[in-house]
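Just so it is clear, the structure is predicted and the values come from calculations on it, not from any experiment. In each ligand, atom 1 is the first atom listed, and ligand 1 is the first ligand listed.
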Amino acid sequence: MPDPIVIATWPFGKVAAEAALKSLNRGEPALDAALVGAQAVENDYSVRTSVGFGSLPDRLGRLTLDACVMDGKTLSCGAVAAVEHIKHPAALARRVMEKTPHVFLVGEAAKWFALQQGFPLEVPYTTEAIKEWLEKHPDFRKKGEVKPPAPCDNPSDINVDEHNHDTVTVLTQDKKGNLGGVCTTSGLAYKLPGRVGDSPIIGAGLYVDDLAGAAGATGVGEEIIRICGSSFVVEQMRGGKSPQEACELACKRVSAAAARRGVHPAAVAFLALDPKGNTGAACTTRTNFKYAVGRGEKVEMLQAKEIGPDA
Ligand code: GLY
């Protein structure tokens, strides 16, 4: 069996990878370790743009969180979306997987389920996030203002890069060779209330199958959903592509989908892990996607290859 391995999105993925790697090295199962890693980022209030409490809210100033989990051995999975006041949406997604016959709970009903499961209701806001919302975006508070601001008119124009990154996706392989994955986010900053991106959608933000590999996504969720991004990457690996080739093909698919709408490709990135412990990652141009890879005792940051529209 390969050594345990973890890969995680963005510079804050280092925190996730370090926590997950310790868990894997203790012999814990892949999904447990991925969850430990994701929670380390959910707990970090310095991650201000995108994951967990303290992140930037929606147009109405409300912070809603999305997450999903998947176990590669059994294909068991769970997800929650648009959940308010629950600090650990990834753990809640796991409860959906383990305690219900369902896969996906949303909004107030997901919060009701969280309360039933003993999760506390907590205040998700930080002074900094609310101050920024009030100061930088006063027009969002205007009565009847529901039109996305200019940068959101076209998802292809949404800026996601290393300074404005979003989701943490953590993929793991444990000592038994089983794969696990977790994806957690607050979604797009200043999104329209009710907007849900790729992150909690199994097959879009995350897909994990011990027989083929694990994949996760980050970036503009609308573009990832459009191509069923993570499922696409895993199916490429099932067909014999390496994790690197599979991620590059997914970026090309995003670009091709954008071309069909006459727009330039949005900022998205994919990362993947195959059952032999090989990894890969790729992003569309101007995404500047960095990711963490942990093996043995060491976590290193790598830069993903950018795949332009003409690649
Ligand atoms: N990738 C996170 C989102 O679009 O919500």
Side-chain angles (χ1 to χ4, degrees), residues 8-13 16 38 41-42 47-53 55-59 62-70 79-84 89-90 93 104 106-107 110 124 148-149 151-171 181-207 215-233 247 250-251 253-254 257-258 265-272 281-284 286-291 304:
T9 51
W10 300 113
F12 55 54
V41 183
E42 286 177 347
V47 177
R48 289 200 43 242
T49 49
S50 59
V51 178
F53 282 11
S55 304
L56 298 175
D58 71 10
R59 199 72 47 81
R62 295 187 340 180
L63 184 69
T64 56
L65 304 179
D66 309 326
C68 71
V69 303
M70 190 159 185
V80 294
V83 187
E84 267 190 289
F104 206 166
V106 301
C152 293
D153 281 347
N154 180 344
S156 304
D157 292 335
I158 296 169
N159 179 35
V160 176
D161 61 24
E162 65 169 329
H163 304 297
N164 179 29
H165 35 67
D166 65 346
T167 310
V168 68
T169 301
V170 187
L171 306 177
V182 173
C183 186
T184 179
T185 189
S186 57
L188 193 62
Y190 310 122
K191 60 196 173 189
L192 275 183
R195 179 267 186 193
V196 173
D198 62 303
S199 301
I201 299 177
I202 297 294
L206 181 73
Y207 198 76
T218 180
V220 180
E222 285 73 5
E223 305 309 303
I224 298 162
I225 294 170
R226 213 183 296 288
I227 67 150
C228 300
S230 293
S231 169
F232 177 89
V233 173
C247 291
C251 291
R253 179 63 70 96
V254 167
V268 301
F270 297 96
L271 77 176
C283 59
T284 53
R286 298 190 306 277
T287 309
N288 194 16
F289 176 57
K290 296 183 175 74
Y291 63 106

Ser230 side chain vs Leu206 backbone, donor-acceptor pair below 3.5 Å: yes
Nearest-0.5 Å distance that lies between atom CG in Leu271 and atom SG in Cys283: 11.5 Å
Any residue meeting side chain to side chain contact (heavy atoms under 4.5 Å, CB included) with Ile201, in chain and number order, not counting sequence neighbours: Phe104, Ala204, Ile225
Set of side chain to side chain donor-acceptor pair (under 3.5 Å) partners for Thr169, sequence neighbours left out: none
Counterpart residues, side chain to side chain donor-acceptor pair (under 3.5 Å), relative to Thr9 (two or more places apart): none
Per-ligand residue contacts, ligand 1, heavy-atom threshold under 4.0 Å: Asp166, Thr167, Gly187, Leu188, Arg195, Gly197, Asp198, Ser199, Gly219, Gly221
Output field: ring centroids Trp10/Tyr291 closer than 6.0 Å: no
